[in-house]
Amino acid sequence: MSTPRRWIPNQHGAWAMLAVPYLAGVLTGSPAWIQLPVFLAWLLGYCAVFHTEQWVRLRRASRNPRAAARHTRPALVLAAATAALGLVPLVAEPWLGVAAALMAPFLAVNVHYARRNRERALVNGLVAVVPACGMLLVALRLGGGTVAQGLAPAAACLLYFAGTVPYVKTMIRERRSAAYRKGSVAYHAVALVAAALLDPWLAVPFAVYLARAAALPGRGLRVPVVGAVEVGCSLLLLGFLVGVYG
């Protein structure tokens with residue numbers, strides 16, 4: 001873990017969740033210069049939290065200080081970079097400190113699950129979705145929009161990304177679980193109705209999400225293919241959010 005390249009978290013599915021809500025906030029509002037450093041700080045902050053969680057998990061699970069120690073430097077350096085990059089936006093927009101404080105309880109839950117070596121728990125995944133989708137509101141307000149304007153698109157993001165948690169499990173870790181598959185399909189059916197209530201046009205992408213939740217599990221798709229499908233689904237959501245709310 002000595003090279004910066006290896007400091008990048010290997011949780012590939014997280015990147016769409018980090019980027020799409022924020023970009024939706026930028027594109028449904030008015031782009032502003034301040035959104036760029038905040039976005040970069042957001043990504044660096046995620047990397048810092050990832051290494052912090054790994055440090056906590058390995059110290060607890062392996063009881064091997066050396067296994068955990070390789071995450072110490074990335075966590076500290078990335079946390080410092082996050083603070084440095086976020087300083088100017090924070091001075092310009094002090095309310096960002098409140099937004100960061102609101103995210104803290106969700107991060108605390110993630111660290112708690114890491115300490116118990118249960119990062120893959122369903123609840124932990126769902127908790128991680130909330131602050132990521134909340135970044136839509138941050139980006140929108142930085143561009144001059146209001147929280148009220150962002151509630152519906154943020155809710156749509158939450159509906160989609162919350163659904164990816166059980167769905168991806170049905171494709172990989174819980175691929176043999178009939179209960180997970182039924183639960184995932186049931187969730188996506190409810191999400192389709194909820195999305196249509198937000199805006200009828202949103203029924204289109206959410207119908208696609210329901211179809212993939214019902215049809216793809218059990219087909220033995222490779223992990224890269226599963227990831228590619230989710231990238232496409234994320235971009236589909238972004239396109240509809242911009243079209244409906246932009």
Side-chain angles (χ1 to χ4, degrees), residues 1-27 29-60 65-116 119 124-125 127-147 150 154 157-158 161:
M1 194 67 65
S2 58
T3 62
R5 181 182 175 184
R6 297 180 66 183
W7 290 9
I8 299 174
N10 58 0
Q11 305 298 317
H12 305 298
W15 294 106
M17 186 176 72
L18 294 169
V20 167
Y22 194 90
L23 292 177
V26 172
L27 296 175
S30 300
W33 71 267
I34 197 171
Q35 291 164 333
L36 180 57
V38 171
F39 182 54
L40 295 176
W42 166 239
L43 296 181
L44 287 174
Y46 161 72
C47 295
V49 169
F50 171 83
H51 286 287
T52 300
E53 290 178 355
Q54 295 307 305
W55 182 84
V56 170
R57 179 181 67 84
L58 290 169
R59 279 185 65 88
R60 175 77 174 183
R66 285 190 174 183
R70 68 178 185 268
H71 293 280
T72 303
R73 186 182 178 193
L76 293 175
V77 171
L78 291 167
T82 301
L85 195 57
L87 184 59
V88 172
L90 182 61
V91 171
E93 300 287 352
W95 60 266
L96 287 170
V98 177
L102 291 175
M103 294 182 183
F106 299 96
L107 299 179
V109 172
N110 294 151
V111 172
H112 170 71
Y113 273 92
R115 185 173 182 272
R116 296 174 61 192
E119 293 173 287
N124 191 48
V127 167
V129 168
V130 178
C133 294
M135 288 301 290
L136 187 151
L137 304 176
V138 171
L140 183 61
R141 187 173 176 187
L142 287 171
T146 66
V147 170
C157 282
L158 189 61
F161 284 106

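Everything quoted here is computed from the prediction, not taken from an experiment.
Using modelled atom types, one side-chain atom of Gln35 and one backbone atom of Ala32 make a donor-acceptor pair closer than 3.5 Å.
Separation of atoms CD1 (Ile34) and CZ (Arg141) is listed at 11.0 Å; rounding is to 0.5 Å. Taking CD1 of Ile8 as the reference point, atom NE2 of His51 lies at 8.5 Å (rounded to 0.5 Å).
Side-chain contact check for Leu142 versus Tyr22: some heavy-atom pair is nearer than 4.5 Å. With contacts defined as side-chain heavy-atom distances shorter than 4.5 Å, the pair Val26/Phe39 does not qualify. Between Glu119 and Gln54, some side-chain heavy-atom pair lies under the 4.5 Å cut-off. In this structure, Trp55 and Leu76 have side chains that are not in contact, with every pair of non-hydrogen atoms separated by 4.5 Å or more. The side-chain heavy atoms of Tyr46 and Met17, taken from C-beta on, include no pair separated by under 4.5 Å.
Taking every heavy atom of both residues into account, Leu136 and Gly150 meet most closely at CD2-O, 3.7 Å. Minimum heavy-atom separation, Ala81 to Leu44: CB-CD1, 4.0 Å. The nearest pair of heavy atoms linking Ala114 to Glu53 is CB-O, 3.6 Å. For the pair Ala48 and Ala75, the tightest heavy-atom approach, listed with the atom from each and the gap, is CB-O, 4.0 Å. When all heavy atoms are compared, the tightest approach of Ala16 to Phe161 is O-CZ, 3.7 Å.
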List the atom pairs, donor and acceptor, that lie under 3.5 Å between side-chain atoms in residues 82-99 and the rest of the protein, sequence neighbours left out.
residue	atom	partner	partner atom	Å
Thr82	OG1	Gly45	N	3.1
Thr82	OG1	Leu78	O	2.8
Glu93	OE1	Trp95	NE1	2.8

| request: Test Trp42 against Val138 for side chain to side chain contact (heavy atoms under 4.5 Å, CB included), laying out the working first. | output: CA-CA 11 Å; Trp42 166 239; Val138 171; over 6 Å; no

| said: Pair Met135, Met103 - check side chain to side chain contact (heavy atoms under 4.5 Å, CB included), show working. | reply: CA-CA 10 Å; Met135 288 301 290; Met103 294 182 183; 2.9 Å; yes

